[in-house]
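Chain A is the first sequence line, chain B the second, and so forth, proteins listed ahead of strands; every chain is numbered from 1. This one's a predicted model, so the numbers in the text were calculated from it and none came from an experiment.
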Amino acid sequence: MNFKAPTGNFMTDFIEGNKKGIYMGLFVLAPALIFMYPILSIFQITGILGVIGKLFKPIMGIFGLPGETAITFATAFLNTGAGLATVAAYFDKGILNGYQVAIVVPMMWLISAQLTNTARVLNVIGTNKKYFLPIYLTGFVTAFIIGILGRVLVYLLW
Amino acid sequence: MVNENNNSTTTIDELTKPKVKLVGYISFLLTLLFFSGIFTKAPSWIKWFDFVNLYGTFGTLGPGVSSIVGTGGSGARYAFMFALTIIPGCAFATGTVNAVEGLGGLKAGQRLLNPILKPLMGIPGWCSLSLMAHLFASTDTGSALTLQLVNNNLITDKELGIYSAFQFVATGYIGQVLTYASIFIAGINSIGVPLLYIMVIGLVGKLIAGNIMRIYIKMTDKNKEVKA
């Protein structure tokens, strides 16, 4: 969907921006949520969620996060909206508390949507192919650093 | 005529005997079971394979419930109601950013960033236009403006490597955070963390990513010189 570029008229621009937001909400976030919530329901009903939680506890524990957030990272890697949907669902269910939400959200974003971003960023701007792999890895390293930093900062400041 | 006849027979063939893979048959059968309702009250290991169970329930509304999602809902229905509650936030945020962009707010940022990009990330100051567009407007606008720099030879291969890493991780970060904030804001607000924190820490992450790449490129560069 195409939206008009800002014109300088406050009202026109604001309304055009609103349209963009409604479009994003309805056609990007809502589908991601309607996809993720039932999947999390499946995981919960079958008990897979608990298994994943236990399995990834040691790794996610580094950042003070429950093991279940492994699913957040796995889905965010494919689709940012879906990753955020799991964060919202976990907060609802009490799997994540406010501190953990503040830690996981920036981390998740840093490794998010790597496949789509390859098409939307790297291929468009013509990044040298030899830098692709280092760039992918950079995302994970950065998420790790921000995870540790976030864990310290969030508990220190609030 | 012969051709037409051939066409019509192939069409009839396709209509009467479409090529079906085994997966097609299996998924068809499973779909029937999924919608049948046989498993609605089945034991938990198979209970999930049921439309009604995944369709879920709306939350309950009543006195003291502040949002239309209610309490205790689940599945697709709950997800949709939750999505509805997010849309006003999305619309309001993107509206504001768009209006600020129209007023030239991004240009101000561009001007301010200009002198610090070189020390901050080792990329030329004129990247600031595409950088602001990338951060606030959208990933694609940012990419398009970066492409202009590349086409006009205003950025070297190595600088582009650094800049790519910055853009690649958490693309369109500030704009995206503002748009999607309503999805996680309840969580961070419950302990009093402001949205600004999420924006700043992510931005720091992007800068770290750029600089990791900067170091990597410097190191691999030296290696090559040694070999030569």
**Report entry** Contacting moiety of A:L122, where chain B heavy atoms sit under 4.5 Å
**Finding:** side chain

Query raised in the report: Which of the residues A:V101, A:I145, A:L157 is involved in the greatest number of heavy-atom pairs with chain B at under 4.5 angstrom?
Result: A:V101

**Report entry** By ring pair (Phe, Tyr, Trp, His ring centres under 6.0 Å) - contacts of A:F73 (at least two apart)
**Finding:** none

Report summary line: When the 4.5 angstrom heavy-atom criterion is applied to A:Q114 and chain B, the contacting part is both

Requested in this report: Can you tell which part of A:V124 gets under 4.5 Å to a heavy atom of chain B, answering side chain, backbone, both or neither?
Outcome: both

Query raised in the report: Where on A:V154 is there a heavy atom nearer than 4.5 Å to chain B: the side chain, the backbone, both, or neither?
Result: both

Requested in this report: Can you establish whether the number of heavy atoms outside B:K107 located under 6.0 Å from its atom NZ is more than 12?
Outcome: no

Query - Structural part of B:A93 lying under 4.5 Å from a heavy atom of chain A - result: neither

Report task. Select one option (side chain, backbone, both, neither) describing which atoms of B:Q176 are under 4.5 Å from chain A's heavy atoms. Result -> both

Query raised in the report: For A:K54, does the NZ atom have more than 12 heavy-atom neighbours from other residues, nucleotides or ligands under 6.0 Å away?
Result: no

**Report entry** Under 4.5 Å from any heavy atom of chain A - which part of B:V100
**Finding:** neither

Requested in this report: With a 4.5 angstrom heavy-atom cut-off, could you sort out which part of B:I217 is near chain A: side chain, backbone, both or neither?
Outcome: side chain

Query raised in the report: With only heavy atoms counted, which part of A:Y99 is less than 4.5 Å from chain B, the side chain, the backbone, both or neither?
Result: both

Report summary line: The interface call for B:Y216 against chain A, heavy-atom contacts under 4.5 Å, is side chain

Report summary line: In terms of heavy-atom pairs under 4.5 Å with chain B, the winner among A:A30, A:A113, A:P38, A:A5 is A:P38

**Report entry** A:Y136 atom OH, neighbour heavy-atom count above 12 within 6.0 Å
**Finding:** yes

Query raised in the report: Counting heavy atoms not belonging to A:F35, are there more than 12 under 6.0 Å from its CZ?
Result: no

Query - Contacting region of B:F49 [heavy-atom separation from chain A under 4.5 Å] - result: neither

Query raised in the report: Do A:F43 and B:W48 have ring centroids that are under 6.0 Å from one another?
Result: no

Report summary line: Applying a strict 4.5 Å limit to non-hydrogen atoms, the region of B:I183 in contact with chain A is both

Query - SB check B:K118 B:E159 (cutoff 4.0 Å) - result: yes

Report task. Check whether B:S143 gets within reach of chain A through its side chain, its backbone, both or neither, counting any heavy atom under 4.5 Å. Result -> both

Requested in this report: Counting only heavy atoms closer than 4.5 Å, note whether B:Y78 contacts chain A via side chain, backbone, both or neither.
Outcome: side chain

Query - Heavy-atom contact with chain B under 4.5 Å, split by part of A:T116 - result: neither

Query - Contact origin within B:V193 toward chain A - heavy atom pairs under 4.5 Å - result: both

Query raised in the report: Applying the side-chain contact (heavy atoms from CB on, under 4.5 Å) test to A:L40, which of A:I95, A:T75, A:D92, A:T86 qualifies?
Result: A:T86

Query raised in the report: Taking all atoms of both residues into account, what is the closest heavy-atom pair of B:G161 and A:I135, and its distance?
Result: O-CD1, 3.9 Å

Requested in this report: Looking only at non-hydrogen atoms, find the nearest pair between A:M36 and A:A82 and report the distance.
Outcome: CG-O, 3.4 Å

Query - Atom group of B:I201 that falls short of 4.5 Å from chain A, counting heavy atoms - result: both

Report summary line: Here the pair of heavy atoms bringing A:K57 nearest to A:L65 is NZ-O, 4.4 Å

Query - Toward chain A, the part of B:Y163 with a non-hydrogen atom under 4.5 Å - result: neither

Query raised in the report: What residue, out of A:P134, A:A88, A:S41, A:G150, has the most heavy-atom pairs lying under 4.5 Å from chain B?
Result: A:P134

Query raised in the report: Would you find more than 12 non-hydrogen atoms of other residues, nucleotides or ligands less than 6.0 Å from B:F92 atom CZ?
Result: no

